[in-house]
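Since the structure comes first, as C-alpha coordinates, the remarks are kept for the end.
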Amino acid sequence: MPSVPAEVPKSAAGDRTAVRAALLGWYDAHRRTLVWRAGPGAAPPDPYRVWLSEIMLQQTTTAHATPYFEAFTRRWPTVSDLAAAEDADVMAAWAGLGYYARARNLLACARAVARDHGGVFPDTEAGLLALPGVGAYTAAAVAAIAFGRPANVVDGNVERVTARLFAVETPLPAAKPELKRLAGSLVTDERPGDWAQALMDLGATVCRPGRPLCERCPLTAWCAAFQSGRPERYPLKTKKADRPHRTGMAWVLRDDQGRIGLVRRPDKGLLGGMLGLPTSDWAAAPVETAPPVPANWRETGSVEHVFTHFALTLQVRAGQGGGDFIWLPEAEALASLPTVFRKALERGLAG
DNA sequence: GATTCGTGGGC
DNA sequence: TGCCCAAGAAT
(Lines give C-alpha, C1' and ligand atoms only; values in the text may rest on other atoms or scores of the structure.)
Protein backbone atom coordinates (compact mmCIF):
# COMPACT_ATOMS: atom_id res chain seq x y z
CA MET A 1 0.00 0.00 0.00
CA PRO A 2 1.54 3.31 -1.10
CA SER A 3 2.33 5.61 1.76
CA VAL A 4 0.98 9.05 1.16
CA PRO A 5 1.54 11.78 3.78
CA ALA A 6 -1.70 12.92 5.35
CA GLU A 7 -0.87 16.54 4.53
CA VAL A 8 1.41 17.39 1.70
CA PRO A 9 2.67 20.93 2.30
CA LYS A 10 1.56 23.17 -0.50
CA SER A 11 3.89 25.73 -1.99
CA ALA A 12 3.30 29.07 -3.60
CA ALA A 13 5.61 28.09 -6.43
CA GLY A 14 3.45 25.11 -7.30
CA ASP A 15 0.07 26.77 -6.78
CA ARG A 16 0.28 30.29 -8.13
CA THR A 17 -3.34 30.52 -9.29
CA ALA A 18 -4.72 29.52 -5.88
CA VAL A 19 -2.38 31.90 -4.05
CA ARG A 20 -3.47 34.77 -6.26
CA ALA A 21 -7.16 33.99 -5.79
CA ALA A 22 -6.77 33.73 -2.03
CA LEU A 23 -4.97 37.06 -1.67
CA LEU A 24 -7.20 38.97 -4.08
CA GLY A 25 -10.25 37.59 -2.27
CA TRP A 26 -8.79 38.68 1.05
CA TYR A 27 -8.09 42.13 -0.41
CA ASP A 28 -11.66 42.55 -1.58
CA ALA A 29 -12.84 41.91 1.97
CA HIS A 30 -10.09 43.58 4.02
CA ARG A 31 -8.48 46.31 1.95
CA ARG A 32 -7.55 49.47 3.80
CA THR A 33 -9.41 52.69 3.13
CA LEU A 34 -6.79 55.30 2.25
CA VAL A 35 -7.49 58.81 1.02
CA TRP A 36 -5.51 58.42 -2.22
CA ARG A 37 -7.26 55.19 -3.15
CA ALA A 38 -10.24 54.83 -5.47
CA GLY A 39 -13.13 52.89 -3.97
CA PRO A 40 -13.59 49.14 -4.61
CA GLY A 41 -14.45 48.51 -8.24
CA ALA A 42 -14.12 52.20 -9.11
CA ALA A 43 -12.33 53.52 -12.16
CA PRO A 44 -8.53 53.67 -11.86
CA PRO A 45 -7.46 56.63 -9.72
CA ASP A 46 -5.95 59.85 -11.08
CA PRO A 47 -2.28 59.18 -11.95
CA TYR A 48 -1.31 62.48 -10.32
CA ARG A 49 -2.78 61.35 -7.00
CA VAL A 50 -1.22 57.90 -7.31
CA TRP A 51 2.20 59.39 -8.06
CA LEU A 52 1.94 62.00 -5.29
CA SER A 53 0.92 59.40 -2.74
CA GLU A 54 3.71 57.04 -3.77
CA ILE A 55 6.35 59.76 -3.41
CA MET A 56 5.02 60.73 0.02
CA LEU A 57 4.86 57.11 1.13
CA GLN A 58 8.51 56.37 0.39
CA GLN A 59 9.89 55.28 3.78
CA THR A 60 6.94 57.05 5.40
CA THR A 61 3.92 55.69 7.26
CA THR A 62 0.42 56.13 5.83
CA ALA A 63 -0.60 57.99 9.01
CA HIS A 64 2.20 60.53 8.61
CA ALA A 65 1.66 61.04 4.87
CA THR A 66 -2.13 61.38 4.93
CA PRO A 67 -2.48 65.01 6.13
CA TYR A 68 0.26 66.09 3.73
CA PHE A 69 -1.50 64.39 0.84
CA GLU A 70 -4.74 66.17 1.74
CA ALA A 71 -2.99 69.54 1.96
CA PHE A 72 -1.11 69.11 -1.33
CA THR A 73 -4.10 67.96 -3.37
CA ARG A 74 -6.26 70.73 -1.94
CA ARG A 75 -3.66 73.38 -2.75
CA TRP A 76 -2.40 71.87 -6.04
CA PRO A 77 -5.23 69.75 -7.51
CA THR A 78 -3.38 68.82 -10.71
CA VAL A 79 0.19 68.15 -11.74
CA SER A 80 0.13 71.36 -13.78
CA ASP A 81 -0.87 73.35 -10.68
CA LEU A 82 2.05 71.83 -8.82
CA ALA A 83 4.41 72.50 -11.72
CA ALA A 84 3.49 76.19 -11.51
CA ALA A 85 4.07 76.45 -7.75
CA GLU A 86 6.88 78.40 -6.15
CA ASP A 87 9.78 76.30 -4.87
CA ALA A 88 9.62 77.87 -1.40
CA ASP A 89 5.91 77.11 -1.06
CA VAL A 90 6.39 73.44 -1.91
CA MET A 91 9.39 73.05 0.40
CA ALA A 92 7.47 74.72 3.23
CA ALA A 93 4.46 72.48 2.61
CA TRP A 94 6.73 69.44 2.81
CA ALA A 95 8.33 70.57 6.09
CA GLY A 96 8.09 67.83 8.72
CA LEU A 97 7.65 64.99 6.23
CA GLY A 98 11.38 64.29 5.92
CA TYR A 99 13.64 63.14 3.09
CA TYR A 100 13.50 66.57 1.51
CA ALA A 101 15.12 65.47 -1.74
CA ARG A 102 11.69 64.01 -2.43
CA ALA A 103 10.18 67.50 -2.43
CA ARG A 104 12.83 68.88 -4.78
CA ASN A 105 12.38 65.90 -7.12
CA LEU A 106 8.60 66.20 -6.80
CA LEU A 107 8.73 69.69 -8.28
CA ALA A 108 11.24 68.68 -10.94
CA CYS A 109 9.01 65.77 -11.90
CA ALA A 110 5.83 67.85 -12.04
CA ARG A 111 7.59 70.37 -14.25
CA ALA A 112 8.95 67.63 -16.51
CA VAL A 113 5.46 66.18 -16.91
CA ALA A 114 4.04 69.63 -17.64
CA ARG A 115 6.79 70.65 -20.03
CA ASP A 116 7.74 67.40 -21.77
CA HIS A 117 4.53 65.40 -21.59
CA GLY A 118 1.79 68.00 -21.97
CA GLY A 119 0.73 67.63 -18.34
CA VAL A 120 -0.03 63.92 -18.77
CA PHE A 121 1.91 61.25 -16.90
CA PRO A 122 3.67 58.59 -19.00
CA ASP A 123 1.61 55.39 -18.85
CA THR A 124 4.47 52.91 -19.04
CA GLU A 125 6.91 51.73 -16.42
CA ALA A 126 9.90 52.83 -18.53
CA GLY A 127 8.41 56.25 -19.16
CA LEU A 128 7.72 56.75 -15.47
CA LEU A 129 11.17 55.51 -14.47
CA ALA A 130 12.77 58.33 -16.46
CA LEU A 131 11.12 60.96 -14.23
CA PRO A 132 12.99 62.62 -11.33
CA GLY A 133 12.43 60.92 -7.98
CA VAL A 134 10.75 57.92 -9.59
CA GLY A 135 12.71 54.72 -9.00
CA ALA A 136 12.00 51.07 -9.66
CA TYR A 137 9.35 50.73 -6.97
CA THR A 138 7.42 53.93 -7.73
CA ALA A 139 7.47 53.39 -11.50
CA ALA A 140 6.06 49.91 -11.04
CA ALA A 141 3.47 51.05 -8.51
CA VAL A 142 2.12 53.90 -10.64
CA ALA A 143 2.15 51.72 -13.77
CA ALA A 144 0.15 49.02 -11.97
CA ILE A 145 -2.23 51.13 -9.88
CA ALA A 146 -2.94 54.03 -12.23
CA PHE A 147 -2.52 52.31 -15.61
CA GLY A 148 -3.28 48.64 -14.97
CA ARG A 149 0.12 47.46 -16.16
CA PRO A 150 1.29 44.06 -14.89
CA ALA A 151 4.33 45.53 -13.14
CA ASN A 152 6.35 43.83 -10.43
CA VAL A 153 5.77 46.17 -7.49
CA VAL A 154 8.32 45.41 -4.77
CA ASP A 155 8.51 47.49 -1.62
CA GLY A 156 9.47 46.53 1.93
CA ASN A 157 6.08 44.89 2.50
CA VAL A 158 6.34 42.77 -0.61
CA GLU A 159 9.88 41.75 0.30
CA ARG A 160 8.74 40.61 3.74
CA VAL A 161 5.66 38.74 2.49
CA THR A 162 7.71 37.08 -0.24
CA ALA A 163 10.56 36.17 2.09
CA ARG A 164 8.06 34.41 4.36
CA LEU A 165 6.01 32.80 1.64
CA PHE A 166 9.15 31.18 0.22
CA ALA A 167 11.21 31.02 3.48
CA VAL A 168 14.12 32.78 1.86
CA GLU A 169 17.25 32.24 3.97
CA THR A 170 19.38 34.90 2.32
CA PRO A 171 19.51 38.03 4.50
CA LEU A 172 18.53 41.50 3.26
CA PRO A 173 19.75 43.49 1.45
CA ALA A 174 21.59 40.76 -0.46
CA ALA A 175 18.28 38.94 -0.93
CA LYS A 176 16.68 41.77 -2.90
CA PRO A 177 17.22 40.31 -6.40
CA GLU A 178 15.98 36.89 -5.31
CA LEU A 179 12.91 38.37 -3.59
CA LYS A 180 12.12 40.46 -6.63
CA ARG A 181 12.33 37.43 -8.88
CA LEU A 182 10.05 35.41 -6.58
CA ALA A 183 7.55 38.26 -6.26
CA GLY A 184 7.53 38.62 -10.03
CA SER A 185 6.63 34.95 -10.40
CA LEU A 186 3.21 35.76 -8.89
CA VAL A 187 2.35 38.75 -11.12
CA THR A 188 -0.10 38.32 -13.99
CA ASP A 189 -2.15 40.71 -16.11
CA GLU A 190 -5.15 40.13 -13.87
CA ARG A 191 -5.91 43.13 -11.59
CA PRO A 192 -2.27 44.33 -11.41
CA GLY A 193 -3.00 47.36 -9.23
CA ASP A 194 -5.09 45.38 -6.78
CA TRP A 195 -2.48 42.65 -6.64
CA ALA A 196 0.23 45.13 -5.70
CA GLN A 197 -1.90 46.82 -3.09
CA ALA A 198 -3.11 43.47 -1.74
CA LEU A 199 0.47 42.41 -1.07
CA MET A 200 1.23 45.73 0.61
CA ASP A 201 -1.96 45.69 2.69
CA LEU A 202 -1.23 42.15 3.79
CA GLY A 203 2.30 43.15 4.77
CA ALA A 204 1.12 46.22 6.64
CA THR A 205 -1.76 44.69 8.59
CA VAL A 206 -1.19 40.92 8.83
CA CYS A 207 2.27 39.88 7.69
CA ARG A 208 3.83 42.48 9.97
CA PRO A 209 7.52 42.71 10.84
CA GLY A 210 7.27 41.94 14.53
CA ARG A 211 4.37 39.64 15.36
CA PRO A 212 2.69 38.45 12.18
CA LEU A 213 -1.00 37.69 12.62
CA CYS A 214 -0.88 34.36 10.82
CA GLU A 215 -4.32 33.36 12.12
CA ARG A 216 -5.74 36.13 9.91
CA CYS A 217 -3.62 35.34 6.86
CA PRO A 218 -5.18 33.91 3.70
CA LEU A 219 -1.86 32.42 2.56
CA THR A 220 -0.79 30.17 5.46
CA ALA A 221 -1.55 27.03 3.47
CA TRP A 222 1.24 27.96 1.06
CA CYS A 223 3.55 29.85 3.43
CA ALA A 224 6.88 28.12 4.04
CA ALA A 225 7.69 30.43 6.95
CA PHE A 226 4.37 29.57 8.64
CA GLN A 227 5.06 25.90 8.10
CA SER A 228 8.49 26.37 9.69
CA GLY A 229 6.82 27.52 12.90
CA ARG A 230 8.86 30.73 13.09
CA PRO A 231 7.45 33.14 10.51
CA GLU A 232 8.73 36.19 12.42
CA ARG A 233 12.29 35.06 11.66
CA TYR A 234 11.86 36.25 8.06
CA PRO A 235 13.16 38.24 6.32
CA LEU A 236 16.66 37.68 7.68
CA LYS A 237 18.72 40.86 7.89
CA THR A 238 22.35 41.76 8.16
CA LYS A 239 23.15 43.86 11.21
CA LYS A 240 23.26 47.61 10.79
CA ALA A 241 26.16 49.87 11.69
CA ASP A 242 26.00 51.83 14.93
CA ARG A 243 24.69 55.39 14.74
CA PRO A 244 27.36 58.03 15.49
CA HIS A 245 26.70 61.17 17.49
CA ARG A 246 27.37 64.75 16.42
CA THR A 247 27.04 68.07 18.17
CA GLY A 248 26.71 71.67 17.07
CA MET A 249 25.29 75.12 17.73
CA ALA A 250 22.13 76.81 16.45
CA TRP A 251 21.27 80.49 16.77
CA VAL A 252 17.77 81.89 17.18
CA LEU A 253 17.93 85.50 16.06
CA ARG A 254 14.94 87.84 16.49
CA ASP A 255 14.61 91.30 14.99
CA ASP A 256 12.79 94.26 16.54
CA GLN A 257 9.49 93.01 15.12
CA GLY A 258 9.92 89.56 16.64
CA ARG A 259 10.61 87.89 13.30
CA ILE A 260 13.07 85.00 13.09
CA GLY A 261 16.27 85.13 11.02
CA LEU A 262 16.52 82.05 8.76
CA VAL A 263 18.81 80.79 6.00
CA ARG A 264 18.09 78.78 2.86
CA ARG A 265 20.14 75.60 2.92
CA PRO A 266 21.96 74.47 -0.23
CA ASP A 267 20.03 72.08 -2.47
CA LYS A 268 22.39 69.17 -1.95
CA GLY A 269 22.96 67.33 1.28
CA LEU A 270 21.13 67.11 4.57
CA LEU A 271 17.86 69.08 4.70
CA GLY A 272 18.76 70.38 1.23
CA GLY A 273 16.67 73.23 -0.10
CA MET A 274 14.92 73.78 3.22
CA LEU A 275 14.88 76.81 5.45
CA GLY A 276 17.00 76.47 8.57
CA LEU A 277 18.41 78.29 11.55
CA PRO A 278 21.97 79.51 11.22
CA THR A 279 24.20 76.82 12.72
CA SER A 280 27.81 75.82 13.23
CA ASP A 281 29.17 72.73 11.54
CA TRP A 282 28.10 69.51 13.23
CA ALA A 283 30.96 67.29 14.34
CA ALA A 284 31.74 64.47 16.75
CA ALA A 285 33.31 66.99 19.15
CA PRO A 286 32.06 70.55 19.77
CA VAL A 287 33.58 73.08 17.39
CA GLU A 288 33.99 76.65 18.60
CA THR A 289 32.23 78.80 16.02
CA ALA A 290 31.63 82.54 15.83
CA PRO A 291 27.92 83.49 15.85
CA PRO A 292 26.41 84.63 12.52
CA VAL A 293 26.13 88.22 13.75
CA PRO A 294 27.24 90.03 16.89
CA ALA A 295 24.53 90.04 19.54
CA ASN A 296 23.98 89.57 23.24
CA TRP A 297 23.64 85.79 22.85
CA ARG A 298 22.34 83.77 25.76
CA GLU A 299 22.25 80.01 26.32
CA THR A 300 18.76 78.53 26.10
CA GLY A 301 19.61 74.86 26.50
CA SER A 302 19.87 72.12 23.91
CA VAL A 303 17.73 69.81 21.80
CA GLU A 304 18.29 66.21 20.71
CA HIS A 305 17.39 64.94 17.28
CA VAL A 306 17.92 61.59 15.60
CA PHE A 307 18.52 61.36 11.87
CA THR A 308 18.76 58.13 9.95
CA HIS A 309 22.52 57.87 10.11
CA PHE A 310 23.53 60.05 13.09
CA ALA A 311 22.18 61.56 16.30
CA LEU A 312 22.54 65.26 16.98
CA THR A 313 22.77 67.48 20.04
CA LEU A 314 22.18 71.11 19.15
CA GLN A 315 23.10 73.81 21.68
CA VAL A 316 20.68 76.70 21.19
CA ARG A 317 21.53 80.36 21.73
CA ALA A 318 19.06 83.21 21.38
CA GLY A 319 19.64 86.89 20.70
CA GLN A 320 18.24 90.12 19.29
CA GLY A 321 19.53 91.76 16.14
CA GLY A 322 19.38 92.16 12.40
CA GLY A 323 21.30 91.19 9.31
CA ASP A 324 21.14 89.45 5.97
CA PHE A 325 18.63 86.69 6.70
CA ILE A 326 15.24 85.46 5.54
CA TRP A 327 12.96 87.02 8.14
CA LEU A 328 9.73 85.19 8.94
CA PRO A 329 7.15 85.64 11.70
CA GLU A 330 7.38 82.96 14.41
CA ALA A 331 4.32 80.99 13.31
CA GLU A 332 5.40 80.91 9.69
CA ALA A 333 8.94 79.92 10.62
CA LEU A 334 7.72 77.08 12.83
CA ALA A 335 5.50 75.82 10.03
CA SER A 336 8.20 76.03 7.35
CA LEU A 337 11.16 74.44 9.16
CA PRO A 338 12.23 70.82 9.19
CA THR A 339 11.64 69.22 12.56
CA VAL A 340 15.17 69.51 13.92
CA PHE A 341 15.06 73.30 13.50
CA ARG A 342 11.48 73.59 14.69
CA LYS A 343 12.60 71.93 17.92
CA ALA A 344 15.60 74.24 18.22
CA LEU A 345 13.48 77.31 17.51
CA GLU A 346 10.96 76.31 20.14
CA ARG A 347 13.82 75.87 22.59
CA GLY A 348 15.25 79.30 21.78
CA LEU A 349 11.88 81.00 22.08
CA ALA A 350 11.16 79.31 25.41
CA GLY A 351 14.55 80.19 26.85
C1' DG B 1 27.27 47.32 -3.13
C1' DA B 2 27.48 50.93 0.27
C1' DT B 3 26.08 55.66 1.75
C1' DT B 4 23.26 59.42 2.29
C1' DC B 5 18.98 61.14 3.32
C1' DG B 6 13.96 62.56 8.18
C1' DT B 7 10.56 61.69 11.05
C1' DG B 8 7.43 59.69 14.39
C1' DG B 9 5.26 55.70 16.43
C1' DG B 10 5.53 51.17 18.61
C1' DC B 11 7.39 48.09 21.77
C1' DT C 1 15.35 53.98 26.79
C1' DG C 2 17.01 52.54 22.65
C1' DC C 3 16.06 50.15 18.59
C1' DC C 4 13.19 48.95 14.71
C1' DC C 5 10.96 50.34 10.96
C1' DA C 6 7.74 52.76 7.15
C1' DA C 7 4.53 52.11 -0.34
C1' DG C 8 12.91 54.09 -1.61
C1' DA C 9 15.83 57.12 -4.69
C1' DA C 10 20.10 59.05 -5.93
C1' DT C 11 24.90 58.78 -6.07
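Any value given below was found using the heavy atoms of this structure, including those in side chains, with hydrogens, waters and symmetry copies removed. Here the structure is a predicted model, which means the values were calculated and not measured. Sequence lines set the chain letters: A, B, ... in the order given, protein chains first and strands last, and positions in each chain run from 1.
Taking only side-chain nitrogens and oxygens, A:K240 comes nearer than 4.0 Å to OP1 or OP2 of C:dC5. Regarding contacts with the backbone of C:dG8, every side-chain N or O of A:Q58 stays at 4.0 angstrom or more from both OP1 and OP2. Note on A:R32: every side-chain N or O is 4.0 Å or more away from OP1 and OP2 of C:dA7.
Taking 4.5 Å as the limit, every side-chain heavy atom of A:V161 sits out of range of all side-chain heavy atoms of A:F166.
Counting only heavy atoms from C-beta on, A:E54 has its side chain closest to C:dA7 among C:dC5, C:dA7, C:dA9. Distances were taken from every side-chain heavy atom of A:T138 (C-beta onward) to each of C:dC5, C:dG8, C:dA7; the shortest belongs to C:dG8.
Under the salt bridge (charged side-chain N to carboxylate O under 4.0 Å, His left out) criterion, the residue pairs touching residues 60-81 of chain A are A:R75-A:D89, with sequence neighbours excluded.
Protein chain A contacts DNA chain B from B:dT4 to B:dG8, reading 5' to 3' and using non-hydrogen atoms of the protein with a distance under 4.0 Å.
Classification of A:R31 and A:D201 as a salt-bridged pair fails, no side-chain N sitting under 4.0 Å from a carboxylate O.
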Hey, can you pull the donor-acceptor pairs under 3.5 Å for the side chains in residues 235-243 of chain A, sequence neighbours left out?
| unit_1 | atom_1 | unit_2 | atom_2 | d |
| --- | --- | --- | --- | --- |
| A:T238 | OG1 | A:L172 | O | 3.2 |
| A:R243 | NH1 | A:F307 | O | 3.1 |
| A:R243 | NH1 | A:T308 | O | 3.0 |

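Residue contacts shown for A:L199 are absent, as no nucleic acid heavy atom lies under 4.0 Å away.
Comparing the C1' positions of C:dG8 and B:dG1 gives a spacing of 16 Å, expressed to the nearest Å.
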